[in-house]
Amino acid sequence: MPKLVVVDHPLVQHKLSLMRRKETPTAEFRQLVKEIALLLGYEICRDLPLEDVDVETPLEMARVKMLAGKKLCLVSVLRAGNGLLEGMLDLIPSARVGHLGLYRDHVTLQPVEYFYKVPSDISERPVILVDPMLATANSAIAAVTKVKASGATDIKYACLLAAPEGVAKFHAAHPDVPVFTAAVDRGLNQQGYIMPGLGDAGDRIYGTR
Ligand code: PRP
Ligand code: URA
């Protein structure tokens, strides 16, 4: 069953609403992406496997829980994904990091790839793909296809905003990949922007427009 998790924690919703405001300046927008990423990451990591280990506290030996298995791999879909990546790395500092450069052609709304570098052992790691916007889902579908081609099997997709039609298309293409988002908006406009949305995430994070 395809899975969609809307992280509707009050702190996430409040920060997201601040981000939507068109007058929110670049520095504040970037800071808010980072803060929400941390909160999304907390939820996404809820089912990470644990193992029993022995530690010596100042008082006695204790059997306690620690994360099991290989370190996570975060894959950022450039360039807006880097905003989310920063916050997730604050939460999971030892994660490995991959980058996938994609931009959306404004006419065809198809993703154009320009860069790809991920850890060579990505197939052995849980992967979290990060990109703030899941609109038509063309970029998200291409990103998951790409990491699957590198051998990744345990994949989660994290975004800030999703469009319902994008989620449906994504789940049809990759039913095995759960989507975590802070909100599902009304839908897409003629230009493929999420409505009401927050505008162009990359431009707002980096102040390029
Ligand atoms: C944005 C966003 C996604 C994509 C989503 O990137 O970060 O990658 O659009 O749209 P889709 O679901 O219709 O494919 P953009 O192409 O604007 O590139 P940028 O991050 O470099 O600004
Ligand atoms: N990409 C964005 O940055 N914003 C949207 O609304 C859709 C795609």
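Note that these values count all heavy atoms, side chains included, but never hydrogens, waters or copies made by symmetry. In this chain, numbering begins with 1 at the start of the sequence shown. First listed ligand is number 1; within each ligand, the first listed atom is number 1.
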Shortest protein heavy-atom distance from [atom], along with the residue and atom involved:
atom                    : value
atom 14 (O) of ligand 1 : S139 OG, 2.5 Å
atom 5 (C) of ligand 1  : M133 O, 3.4 Å
atom 3 (C) of ligand 1  : D131 OD2, 3.1 Å
atom 19 (P) of ligand 1 : R79 NE, 3.6 Å

For [X], atoms of ligand 1 separated by under 4.0 Å from a heavy atom:
X    : result
G202 : 22 (O)
R104 : 10 (O), 11 (P), 13 (O), 14 (O), 16 (O)
L78  : 20 (O)
Y103 : 16 (O)
A80  : 7 (O), 20 (O)

Whether A137 lies under 4.0 Å from ligand 1, heavy atom: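 Judged by the 4.0 Å heavy-atom criterion, A137 does count as contacting ligand 1.
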Ionic contact status for [Y] with [X], cut-off 4.0 Å:
X    : Y    : result
R204 : D200 : no
E86  : R30  : no
D176 : K148 : yes

Modelled atom types, side-chain donor and acceptor of T208 and R79, under 3.5 Å: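 Note: T208 and R79 side chains meet the donor-acceptor criterion.
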Atom CE of M66 with >12 non-hydrogen neighbours under 6.0 angstrom: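 Counting other residues, nucleotides and ligands, CE of M66 stays at 12 neighbours or fewer.
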CZ (R63) with more than 12 external heavy atoms under 6.0 Å: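 Yes, CZ of R63 has more than 12 neighbouring heavy atoms, counting only those of other groups under 6.0 Å.
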From T136, D200, L161 - option closest to atom 13 (O) of ligand 1 by heavy atom: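 Residue with the shortest heavy-atom distance to the ligand atom: T136.
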Sub-4.0 Å protein heavy atom next to atom 22 (O) of ligand 1: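 Yes, there is a protein heavy atom closer to it than 4.0 Å.
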Protein heavy atom under 4.0 Å of atom 1 (C) of ligand 1: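 Answer no: nothing from the protein, no heavy atom, is under 4.0 Å.
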Backbone of L188 reached by a side-chain donor or acceptor of E165 within 3.5 Å: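 Yes; at least one donor-acceptor contact below 3.5 Å.
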N/O contact list for ligand 2, threshold under 3.5 Å:
| unit_1 | atom_1 | unit_2 | atom_2 | d |
| --- | --- | --- | --- | --- |
| ligand 2 | 3 (O) | A201 | N | 2.8 |
| ligand 2 | 4 (N) | G199 | O | 2.8 |
| ligand 2 | 6 (O) | I194 | N | 2.8 |

Contact check: G192 vs ligand 1, nitrogen or oxygen atoms, below 3.5 angstrom: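 No, no N or O pair falls under 3.5 Å.
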cation_pi(R186, Y193) dist<6.0 Å, angle<=45: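 R186 over Y193 ring: no.
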Sub-6.0 Å ring centroid separation between Y157 and F170: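 For Y157 and F170, the ring centres are under 6.0 Å apart.
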